[in-house]
Amino acid sequence: MNEHVIYQIPLYLDNELQGDEQRLFEAHINACASCWAALEYERRLILAIHQARPLYSTPEGLREKIEQILQNHQPISKRFSSRTRRVFVAIVVVLGLILAWFIARPTHIPLVRPSEFALVAVDTHQRYTRNQLPLEVISSSPEEISTWFAGKLPFNLKLPNYPEDLNQSKPYEIVGARLIGFKQDYAAHVVYRLHNRPISLVVTSETIAQPAGGEKIPWQGLLFHFDVINGWKVLTWSDKGLTYALVSDFEEHGQASCVVCHSGGQDQHKFEGLKFR
Amino acid sequence: MIGQGEDKEGQKSIEQAILEYVEALYGYAMSLARNPVEAEDLVQETYLRAIKGARRSMPTGDLKAWLFTILRNIWINQRRRAQGSELLLGIDIEGLESESEWTAKNQQRPDTIFEQGLLRENIRIALESLPEAFREVIVLRCMEGFSYSQIAEILGCPVGTVMSRINRARAELRRRLNK
Ligand SMILES: [Zn+2]
């Protein structure tokens, strides 16, 4: 019997083993009767504990009391909606073009929870800025970073290399990247820097994450979802099978961060739609 | 917003979303306080803080984990005030044998436990007899299904600590169930 595998049984059952560790564990379990029996015992114990839920019945009336608490406080959505409305009014002033679309929108915009992907992207960015998430590859070359990601992601990631015009100086720099876990799979986290402020680009496959929630901004044939989470601006969208999240602390909708993929002057007009003033 | 149902996009308001966790939070509160009145107060206070907190900034991670973290912080602060000193859950883990109040209702051999079906009552009694820090991680992991990293966030401690605490807690629970 292998003690090491016995020790890993709880980790395995809690889905905390990954990659080689998991494969080696499973290979051992399949070959070793006593470890298999121990695994089965633990599995049944965990199941039994789970099935014992709830251990306590919630007192009658508690739910109603909580509903009362929530009702007595100004709904969060109302406060957010008034702010969101200001945002939209401003867009109209600048563009005028989307006036019809704006009128068609309901004035009460309920608070829509940001997507899990947006939350993960913001969390990743926040951890990076607090030095809690070291980058795995440090490079200012988009080619080098794309090559580093090759084979590590369930999709192909090619980072754009701007500017295409050599006379133009790069307004931003790439800092580096790392892999992050998302929904049993991986996503790419690429860090840029613009005017010394960090920008995170998180990319995953559209099959794993779809943008949702927040304020919807249709633009250039794409649908952007905009949220402010913990003070960070996050724009999420899907394009050609990939889903992106761009996190920064830039002004307005954070669209200045879009420059990491579109620094060319000819591209700048593309973000006018995300502006308001 | 309460009782308004989902909006057209199938998205819930935050009030509706957090209302889903009343029962789970009460279970957690009971596992900490072991007193229905205190547990109820804890849950109500959690919602009050949550609704105020959400107005300042939206929680970044999982809503459920966020609520559990709030509840735990309230509990820790209350205990600190009551005891007038720094208090950390887990200090009572050592010396398990001496403080065990648990007595086995059914003296069962390990291999017969499951055959007879593990009674909810047995599990409840065994769990209640565990030291608070152990009881807490069993509830968070086995009952509420939080991942190790979510538990680490709720407890405000490293994942390695969570891992070893869960292992020791399960071993202790197993021992008490098999007594
Ligand atoms: Zn073995």
Side-chain angles (χ1 to χ4, degrees), chain A residues 7 9-11 13-16 37 40-42 44-59 61-63 65-80 106 110-114 116 118-120 122-123 126 181 212-213 216 227-232, chain B residues 1-4 7 9 11-15 17-19 22-24 26-27 30-31 36 39-40 43-44 47-48 51-52 54-55 57-63 110-111 113-114 117-124 127-128 138-139 141-145 147-148 159 163 166-167 170 173-174 177:
Chain A
Y7 176 73
I9 286 174
L11 296 176
L13 292 173
D14 288 339
N15 296 318
E16 300 285 338
E40 279 309 295
Y41 180 85
E42 195 70 18
R44 288 156 81 187
L45 175 66
I46 289 170
L47 189 68
I49 298 172
H50 185 73
Q51 285 171 343
R53 183 182 188 274
L55 284 178
Y56 308 98
S57 48
T58 310
L62 177 59
R63 209 185 166 82
K65 282 182 198 162
I66 304 292
E67 286 185 6
Q68 205 59 49
I69 288 174
L70 298 179
Q71 251 163 6
N72 287 347
H73 284 76
Q74 182 197 18
I76 299 166
S77 45
K78 276 207 184 122
R79 192 177 161 277
F80 274 78
L111 171 69
V112 181
R113 281 204 74 207
E116 199 182 329
L119 293 170
V120 167
V122 169
D123 190 51
Q126 192 161 287
K216 289 182 192 167
D227 254 303
V228 182
I229 302 168
N230 262 13
W232 300 103
Chain B
M1 293 305 290
I2 307 298
Q4 193 178 299
D7 70 20
E9 282 141 355
Q11 299 275 356
K12 289 176 180 170
S13 71
I14 189 163
E15 289 93 341
I18 61 180
L19 198 53
V22 174
E23 285 77 18
Y26 181 77
M30 271 301 281
S31 81
E40 209 179 320
V43 175
Q44 291 191 45
Y47 276 94
L48 267 172
I51 208 84
K52 285 179 191 160
R55 197 158 284 121
S57 74
M58 282 293 289
T60 52
D62 177 68
L63 265 190
D111 54 345
I113 288 183
F114 297 116
L118 248 185
L119 295 175
R120 169 178 298 181
E121 190 59 10
N122 290 17
I123 292 180
R124 192 181 60 75
L127 248 180
E128 284 187 343
I138 295 277
V139 168
R141 174 61 217 155
C142 303
M143 301 224 153
E144 299 305 331
S147 70
Y148 285 21
V159 172
M163 204 178 274
I166 291 177
N167 273 349
R170 274 205 202 119
L173 185 67
R174 217 184 295 126
L177 284 167

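The sequence lines fix the lettering, A, B, ..., with proteins before strands; numbering per chain opens at 1.
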Would you give the length of the straight line joining atom CG of A:Leu11 to atom CE of B:Met163, rounded to the nearest 0.5 angstrom? 5.0 Å
Between CD1 of A:Ile46 and CE of B:Met143, what distance do you get to the nearest 0.5 Å? 12.0 Å
dist A:Leu13:CG -> B:Ile166:CD1 (nearest 0.5 Å) comes out at 12.0 Å
Using atom types as modelled and distance alone, determine if a side-chain donor or acceptor of B:Arg124 lies under 3.5 Å from a backbone N or O of A:Leu55. no
Search all heavy atoms of A:Ala48 against all heavy atoms of B:Ile123 and return the closest pair with its distance. O-CD1, 3.4 Å
Given the options B:Asn167, B:Val139, B:Ile18, which has more heavy-atom pairs under 4.5 Å with chain A than any of the others? B:Asn167
Nearest 0.5 Å please: distance from the OH atom of A:Tyr56 over to the CD atom of B:Glu23. 15.5 Å
Test your reading of the model: is there a side-chain donor-acceptor pair from B:Glu40 to the backbone of A:Leu62, 3.5 Å cut-off? no
Is there a side-chain contact (heavy atoms from CB on, under 4.5 Å) between A:Gln71 and B:Glu15? Walk through the geometry before answering. CA-CA 9 Å; A:Gln71 251 163 6; B:Glu15 289 93 341; over 6 Å; no
In short, B:Cys142 meets A:His50 closest at the heavy-atom pair O-ND1, 2.9 Å
Find out whether B:Val43 and A:Thr58 are in side-chain contact, i.e. whether some heavy atom of one side chain is under 4.5 Å from a heavy atom of the other. no
Pick one of side chain, backbone, both or neither for B:Ile138, based on which atoms fall under 4.5 Å of a heavy atom in chain A. side chain
Nearest heavy-atom contact between B:Tyr26 and A:Ser57 is CE2-O, 3.6 Å
Assert top hit (heavy-atom pairs under 4.5 Å, partner chain B, pool A:Leu47, A:Ile66, A:Asn15, A:Ile69) equals A:Ile66
How close do B:Gln44 and A:Lys65 get, heavy atom to heavy atom, and via which atoms? NE2-CD, 3.3 Å
If I measure from the heavy atoms of chain B, does A:Gln51 come under 4.5 Å with its side chain, its backbone, both, or neither? backbone
OH of B:Tyr47 to CG of A:Leu70, rounded to nearest 0.5 Å, is 7.5 Å
Step by step, work out the side-chain contact (heavy atoms from CB on, under 4.5 Å) result for B:Arg170 and A:Asp14. CA-CA 12 Å; B:Arg170 274 205 202 119; A:Asp14 288 339; 2.8 Å; yes
Using non-hydrogen atoms and a 4.5 Å limit, figure out which bit of B:Ala39 sits close to chain A: side chain, backbone, both or neither. neither
If you take all heavy atoms of A:Ala52 and B:Arg120, which pair is closest and at what distance? O-NE, 3.2 Å
Would you name the heavy atoms of B:Ala24 and A:Arg53 that are closest together and state the gap between them? CB-NH2, 3.5 Å
So, do A:Leu119 and B:Asp62 sit near enough that their side-chain heavy atoms are less than 4.5 Å apart? no
Interatomic distance, CZ@B:Arg141 vs CD1@A:Ile49, rounded to 0.5 Å, equals 11.0 Å
